[in-house]
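In what follows, a structure is listed as structure tokens, so that the remarks can point back to it.
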Amino acid sequence: MGTYIVKRMMAIIPIFLLATLFTFGMMRLSPVDPAEAYLAAAHIQPTEEMLEQKRHEFGLDQPILVQYVNSIIKICQLDFGISYISNKPVWDEVTYRMPATIQLALGSILLAILVSVPLGFLAGIKKNSGIDYFSRFLAFFGASIPSFWLGYLLIFFFSVKLNLFPVEGIGTVQHLVLPSITLAVPLIALYTRLLRASVLENLQEPYVLFARTRGIKESIIMGKHVLRIAISPMITGLGMNLGKLLTGTIIVEAVFSWPGFGRYFIEAIFNRDIPVIQCYVLLAAGLFLISNLIVDLIQMYIDPRISRKGGHSQ
Amino acid sequence: MSKRRTSTQVLFIFAIVLILSTLLLGCTNESKEDSASNKESKNMLTIAWPRDIGEMNPHVYNPSQLFAQSMVYESLVSYQDGGELKPQLAESWDISKDGKAYTFHLRQGVKFSDGTSFNADIVKKNFDAILKNVALHSWLGFIPKIDQTKVIDEHTFQLTLTEPYYATIQELAVVRPVRFLGEAGFPKNGDTSKGIEKSVGTGPWVLDEYKADEYATFKRNENYWGELPKVKKIKVKIIPDAETRVLAFEKGDLDLIYGEGVISLDTFKQLESTGNYETSVSEPVATRQLVMNTKKEQLSDVRVRQALQYGFNKQAMVDGITSGVEDKADYILPTNFPYTSNIDAQPIDYNVEKAKALLDEAGWKLPKGKNVREKDGKLLEVELMYDSAESIQKAMAETLQAEWAALGVKLNIVGVELPVQVQRFKGNDFDLNFFSNYGAPYDPHIFVNVVGSEGFGFKEAISSYPKKEELLQQITDVLKSTDEKERQKLYSSILTSLQEQGSIVPISYVKKVAVYQKDVSNFTFPANRDEHPFTGISIE
């Protein structure tokens with residue numbers, strides 16, 4: 001298991017390099033000059049002099065290869081450079097905003113687990129019952145409603161009409177409720193369906209029948225065996241979504257004025273703030289890799305068959 | 001079986017209880033916060049702004065927000081309605097006969113918010129900090145022309161230019177970069193372009209509390225030399241989404257929403273129609289223009305350009321798309337700006353027949369059975385570029401596409417990001433483009449300067465004007481002119497000529513909007529487009 005983890009960690013390096021190369025190339029393909037974007041964002045008509053000064057300041061007047069190598073060397077020292085727009089170290093700006101995004105992502109994942117595990121499980125063991133129909137409706141609703149619209153609806157009913165929650169901002173538990181629900185609804189839809197399908201599949205497995213014939217209590221079969229195995233695909237989904245959530249809360253952050261890192265990134269794209277974009281892409285790559293690794297480890301723990309398979313293949 | 005049901009039900013109930021308890025916890029805290037904020041509400045005005053206010057540095061651009069900079073820092077002169085320049089930190093000023101030396105008599109008894117005195121030394125220190133980055137501020141015409149800054153005595157400061165530039169006083173009224181930071185705000189090396197120690201200004205407000213991307217609170221500057229603001233505090237909530245701003249306003253979390261494009265004009269009209277709020281629309285702050293590139297063969301003929309102007313119903317388009325908030329524009333610059341009211345050019349009204357006749361006359365004929373006009377085997381096909389994030393530009397582009405199709409002109413429309421739009425305009429890589437001038441206190445001088453300078457898009461776009469050389473000479477002369485009458489004459493001629501040549505088409509006058517709760521009174525829009533409107537406001 002130790003070698004497995006080390007190997008997985010080592011794989012991160014080439015992926016990181018590819019990510020930097022990809023971002024760097026994409027940014028250079030864009031027709032927009034960051035120096036111009038900076039001045040356009042300030043609503044001034046740039047003179048050639050100003051542009052030259054800005055390009056020099058940003059290091060954009062150096063050969064592309066030098067720019068790339070310099071940025072890689074700096075990244076290795078955990079120096080992501082200075083934001084073109086705010087003039088502050090990118091790493092400080094990102095770490096300042098990261099906790100808010102993590103809070104939102106964890107809130108919504110927690111909510112999604114709390115709702116989808118019991119709901120998906122019940123829908124599976126009680127196929128075609130009322131709760132199954134409800135779970136199907138919820139899945140359909142959650143998968144089809146756009147997040148921003150759901151956000152507005154929640155704000156309209158729960159904040160403006162019922163005055164139960166604040167419209168926007170951060171700071172208290174109640175600030176977290178509506179954005180978490182907005183982010184959690186599509187996850188609930190997904191996980192409920194995943195778990196339901198997995199439970200149904202497992203109920204057909206011979207081990208259930210054997211367990212029943214051996215006279216094991218139904219609650220133990222369901223709780224200890226079926227749920228434990230059936231939950232595996234859901235954990236995979238969760239791992240995939242953790243990275244996605246941390247990097248993809250952009251719309252919800254904008255709707256709820258949540259001061260997270262998604263919003264910061266969107267502004268960086270519009271302003272062609274290359275150091276910020278680069279830092280974001282690398283962080284996103286890192287998060288995806290790490291969250292997938294954690295998921296694999298959890299799955300090994302839950303279902304030792306995976307570990308054995310994994311062990312052989314390694 | 002029953003035990004299984006019990007255990008799953010327990011799990012389910014547990015989850016529901018947990019969620020509900022979180023919700024209820026939320027409700028109790030919220031109501032406490034509500035009652036606390038009610039006590040403060042009379043003394044505090046809460047507004048929303050789409051972007052973080054930035055680091056409050058008076059000498060840099062991004063990410064500092066203009067309105068916030070203008071709350072804390074002041075300029076030597078202030079721009080008032082109709083372009084009148086009034087004393088601010090300078091009580092009066094003298095301009096030498098050759099138009100090069102400007103002597104400012106500073107207001108006495110002015111203190112910075114930290115209690116230190118405002119005097120000629122600090123004025124010089126600020127100017128010198130700005131002049132360390134001349135290239136960065138070179139868009140403002142007078143800065144590259146500054147030759148010397150001099151302290152004459154404690155309350156007299158002199159600025160000498162290398163050549164006369166009449167708009168110096170106008171440009172001193174802009175929000176950045178020429179505003180004054182107190183001694184305590186300067187970094188050790190004196191270079192403010194990399195950051196300041198703290199925001200110390202002479203303005204009516206002081207930054208009190210600040211959380212990036214969340215909110216900023218300003219309190220009244222009790223040292224302020226002028227009339228103290230009525231409200232004690234201003235809270236600026238950072239709400240990037242326009243719909244959320246409106247919902248927060250409807251809930252009563254905000255007292256005021258104001259600005260340009262901060263909410264859609266439809267929403268503005270809808271809020272107005274409820275009768276629950278006060279609303280206000282400003283005087284024109286700029287003109288939406290359509291720029292036609294005369295380097296493009298199809299647009300090089302003035303008859304084609306005029307035909308395109310006759311060929312769309314401007315009034316209906318503006319009314320429909322801006323919900324009647326903006327006015328149809330007859331002139332390239334709004335007439336409430338200095339030197340802009342004396343234009344001879346005839347506004348062009350909707351006349352489809354005339355448009356078709358002009359196109360026929362220009363040789364663009366509509367072959368039988370076809371929809372697009374042709375000349376020498378070429379189609380009358382052009383492309384209009386618009387900012388894809390701007391719903392008004394998009395809707396106008398679509399309207400023009402439909403209107404001109406009826407004339408036999410094929411208009412392709414392409415939405416791009418703002419930086420791409422700016423870059424393509426500058427690179428002369430466009431057929432038609434939307435543009436909006438800068439507003440007060442920059443225009444008309446910055447607008448004509450941009451039209452007459454290389455590398456901004458206009459000079460290249462008007463390259464096939466027959467009277468181009470004369471026009472460019474007039475633009476050079478007007479900025480150097482020291483005679484008021486001469487300036488008026490030149491501006492009238494420049495603006496008339498630009499309009500008659502038909503490559504800059506006025507569409508509508510852009511306006512700011514404000515929506516506020518009924519207990520907010522004395523809201524007025526500042527004459528300077530970038531200034532804040534808070535000083536006179538009170539809450540009853």
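Note that this is a predicted model, so its numbers are computed, not measured. First the proteins, then the strands, lettered A, B, ... as listed; each starts at 1.
- Side-chain contact between B:Leu418 and A:Phe270 is absent, with no heavy atoms from C-beta onward closer than 4.5 Å.
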Please tabulate, for side-chain N and O atoms in residues 261-268 of chain A, each donor-acceptor pair with protein atoms closer than 3.5 Å (sequence neighbours left out).
from, atom 1, to, atom 2, distance (Å)
A:Arg263, NH1, A:Ser257, O, 3.4
A:Arg263, NH1, A:Trp258, O, 3.2
A:Arg263, NH2, B:Asp213, O, 3.3
A:Tyr264, OH, A:Glu93, OE1, 3.4

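- Qualifying ring-ring contact (aromatic ring centres under 6.0 Å, His included) partners for B:Phe249, counting only residues two or more places apart in sequence or in other chains: B:Tyr277.
- Residues of residues 145-155 of chain A that come closer than 4.5 Å to chain B, counting heavy atoms only, are A:Tyr152, A:Ile155, ordered by residue number.
- Comment: A:Arg272 engages B:Glu417 in a salt bridge, judged by a side-chain N to carboxylate O separation of less than 4.0 angstrom.
- Between A:Val167 and B:Arg245 the shortest side-chain heavy-atom distance does not fall below 4.5 Å.
- One finds the CG atom of B:Asn62 at 6.5 Å from the CG atom of A:Asn271 (value rounded to the nearest 0.5 Å).
- For the pair B:Asn133/A:Gln53, a side-chain contact is recorded, criterion being any heavy-atom separation below 4.5 Å from C-beta on.
- Of residues 236-244 of chain B, those residues lying under 4.5 Å from chain A by any heavy-atom pair are B:Lys237, B:Ile238, B:Ile239, B:Pro240, B:Asp241, B:Glu243, B:Thr244.
- For the residue pair B:Lys251 and A:Pro166, the shortest heavy atom distance occurs at NZ-CA, 3.8 Å.
- Contacts between B:Arg424 and chain A at a heavy-atom distance below 4.5 Å are absent for every atom of the residue.
- Heavy-atom distances place both the backbone and the side chain of B:Ala212 under 4.5 Å from chain A.
- Ranked by non-hydrogen atom pairs under 4.5 Å with chain B, the options A:Glu57, A:Glu49, A:Glu36 are led by A:Glu36.
- Contact of B:Ser64 with chain A is not made at all, since no heavy-atom distance falls under 4.5 Å.
- Between the CD atom in A:Glu52 and the OG atom in B:Ser138 there is a gap of 10.5 Å [rounded to 0.5 Å].
- Atom CD in A:Glu168 sits 7.0 Å away from atom CG in B:Leu254 (nearest 0.5 Å).
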